Amino acid sequence: MNRYAVILAAGKGTRMKSKLYKVLHPVCGKAMVQHVIDAVSKLNVDSIYTVIGHGAEKVKSQVGDASHYVLQEEQLGTGHAVMQAQEQLSEKSGTTLVLCGDTPLLTADTLEALIKQHEDENAAVTLLTAHADDPTGYGRVIRNDDGTVAKVVEHKDASEDEKLVQEINTGTYCFDNQLLFQALSQVSNDNSQGEYYLPDVIEILKREEHKVAAYQTIDFDETMGVNDRLALSRAEIIMKERINRQHMLNGVTIIDPANTYIDATVKIGQDTTLLPGTILKGQTEIGEDCYIGPFSEISNCQVGNNTKIRQSVLTDSEVGNEVQIGPYAHIRPHSALQDQVKIGNFVEVKKATFGEGSKASHLSYIGDAEVGSNVNLGCGSITVNYDGKNKYLTKIEDNVFVGCNSNLVAPVTIGKGAYIAAGSTVTEDVPGDALTIARARQVNKENYVSKLSHNKE
Ligand code: UD1
Ligand code: CA
């Protein structure tokens, strides 16, 4: 049987009180609508149509070519939204899954079970429902005495009795595609919000004596619709628990899961340990046997195996094997640290490469630099990369030793194996194997202090 999916993502999300369109709000680093698309993409569907309106271009650029798009110019309700796909879908036979772009926690397993029941029972519509402890705001599922579904009534339209019903419409449905569009054309906007409600299709299909079914999932959390920031924070917590649990089952030690924040997009190898306050974001990949945290934030970084990163911030960079970083280091974008590099406390690295075994152990700024292998940058080494207008490169070749508190004024190259005396300000290239002393020579004036006039009796 042909299967299609329609994802509703045209709303503004007024209740979020945000400049960002609702379905683009991230949950564990991934836009809500992307979570929905990813879950649907795991099912065997022929094509996905996303209904866009508010922030159409932004939603499109987020989802990319994983979906087709139809535009809903005016947001006249969820029924009206689905109608926008009429041209593309109404002639086709098969099953159409309809979901909201604001239910990021739904899993492919639940959707698969919904579709299966729908197809097995040959229903016109199967509604995904759940039991909510607090059903406020959701559409209520009203059942007949025989237990069959009669209709869905929106919270704002519900009578006092109906409001007591705790079975909610999750906003997720399976339809016989042709019956869906046939019924949609009969939906009116005669309700408290003056909108064309998609759930009204249920009552219409029932009236026409088509089979209306429901599939109640036991996991309300999974079906949560995120309309405001309170729900967003709950969704974040639930998603976070799900992600952490999966990493732990895959062999990652997480000392304090409640205080460990891992984006949905992150990969972590076996036997890595995450300490409290670890935040792993974006396209980060951590290898095996690493030790990360406490209190480290790593965004879009590739980290090898056996690496230790303590109390540090790393962004858009590559880190090799057996590297030691921190505590209190800052690795800024476009840096690459090869194996066995050591970046110690209060060291800032920006757009710099470090070859194997090189070290900047204390209190340094290394920016716009190419550092070879086995280089030792002493405490307080600074690449002077900026003249107020332009940035310049510092090249430090293999086996160089830079003494403490040295300024390397770029553009400058320090040749292989050179040795820079402590306190030097290097403004000219240094040949390989040279000893460079670029500071005033020390003068000792003996017996001088007691001769000073104020020290004379
Ligand atoms: C909807 C359901 C409600 C259900 C709840 C589950 C309706 C009328 N109500 O309510 O029964 O319990 O979801 O979470 O369907 N959208 C459009 N175009 C529009 C209006 C909405 O694309 O014109 C999109 C929104 O972007 C959103 C989704 O449809 O992703 C749902 O809309 P929303 O306003 O959040 O509906 P709810 O009030 O939550
Ligand atoms: Ca909603």
Side-chain angles (χ1 to χ4, degrees), residues 5-16 18 20-25 27 31-37 49-56 58-59 62-63 67 69-85 98-106 125 127-132 134-142 149 151-158 162-163 165-173 175 180 184 187-203 214 216-217 220-232 234-235:
V6 176
I7 295 169
L8 308 183
K12 181 164 184 278
T14 312
R15 290 164 281 181
M16 291 299 276
S18 176
L20 187 65
Y21 304 104
K22 174 165 72 176
V23 298
L24 293 177
H25 274 266
V27 171
M32 289 203 269
V33 65
Q34 191 66 50
H35 281 288
V36 176
I37 294 269
Y49 291 88
T50 302
V51 184
I52 51 177
H54 279 285
K58 296 217 162 95
V59 175
Q62 165 64 48
V63 174
S67 171
Y69 299 93
V70 291
L71 185 66
Q72 185 192 25
E73 280 180 21
E74 252 188 301
Q75 283 64 54
L76 303 179
T78 48
H80 179 259
V82 176
M83 274 293 262
Q84 308 310 304
V98 177
L99 310 97
C100 298
D102 65 353
T103 50
L105 298 167
L106 274 174
V125 54
L127 180 64
L128 181 66
T129 76
H131 174 93
D134 176 10
T136 309
Y138 287 96
R140 309 296 206 280
V141 178
I142 308 301
V149 174
K151 62 175 181 177
V152 167
V153 53
E154 289 308 298
H155 181 90
K156 286 184 179 154
D157 301 296
E162 287 168 335
K163 279 191 182 136
V165 172
Q166 288 183 295
E167 188 181 12
I168 58 117
N169 169 27
T170 66
T172 310
Y173 325 75
F175 291 100
L180 164 64
L184 267 179
V187 170
S188 84
N189 64 352
D190 182 17
N191 52 54
S192 67
Q193 303 189 80
E195 287 185 2
Y196 297 90
Y197 292 160
L198 175 61
D200 284 0
V201 159
I202 289 157
E203 204 178 353
Q216 181 167 358
T217 163
F220 166 76
D221 284 350
E222 206 185 291
T223 67
M224 184 201 292
V226 175
N227 296 323
D228 58 24
R229 311 265 184 162
L230 288 174
L232 184 67
R234 279 199 293 276

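None of these values were measured; they are calculated from a predicted model. Every number for a ligand or one of its atoms is a count from 1 in the order of the listing. Along the sequence shown, residues are numbered consecutively beginning with 1.
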Problem set entry | Residue pair N169 / T172: nearest heavy atoms and the distance that separates them | OD1-N, 4.2 Å
Exercise. Looking only at heavy atoms, which two atoms of Q72 and H80 are closest? And how far apart?
Worked result: NE2-ND1, 2.8 Å
Problem set entry | Minimum heavy-atom distance Y173-I202, with the two atoms named | CE2-CD1, 4.3 Å
Exercise. In ligand 1, which numbered atoms sit nearer than 4.0 Å to a non-hydrogen atom of N227?
Worked result: 35 (O), 39 (O)
Problem set entry | Sole candidate of V33, N227, T14 that passes side-chain contact (heavy atoms from CB on, under 4.5 Å) when paired with K22 | N227
Exercise. Counting heavy atoms only, which of A81, G11, G77 is nearest atom 20 (C) of ligand 1?
Worked result: G77
Seminar exercise, completed: Ranking L76, T170, T172 by closest non-hydrogen atom to atom 14 (O) of ligand 1, top hit is T170
For this session: Decide whether an N or O pair under 3.5 Å exists between V23 and ligand 1.
Result: no
Exercise. Which one of M16, M32, E154 has a non-hydrogen atom at the shortest distance from atom 2 (C) of ligand 1?
Worked result: E154
Exercise. If we ignore angles and hydrogens, is there a donor and acceptor under 3.5 Å between the side chains of T50 and S67?
Worked result: yes
Exercise. N/O of L8 under 3.5 Å from N/O of ligand 1, yes or no?
Worked result: yes
Exercise. With atoms numbered from 1 as shown, which atoms in ligand 1 lie under 4.0 angstrom from a non-hydrogen atom of K22?
Worked result: 35 (O)
For this session: Can you sort out which atoms of ligand 1 are near T78, meaning under 4.0 Å from one of its heavy atoms?
Result: 7 (C), 8 (C), 15 (O), 20 (C), 21 (C), 29 (O), 31 (C), 32 (O)
For this session: Using atom types as modelled and distance alone, determine if a side-chain donor or acceptor of R140 lies under 3.5 Å from a backbone N or O of K163.
Result: yes
For this session: For C100, take its heavy atoms, then give the atoms of ligand 1 lying under 4.0 Å from any of them.
Result: 28 (C), 31 (C)
Problem set entry | Number of protein N/O/S atoms that sit closer than 3.0 Å to the Ca ion (ligand 2) | 2
Exercise. Under a 4.0 Å heavy-atom limit, does Q72 contact ligand 1 with its side chain, its backbone, both, or neither?
Worked result: side chain
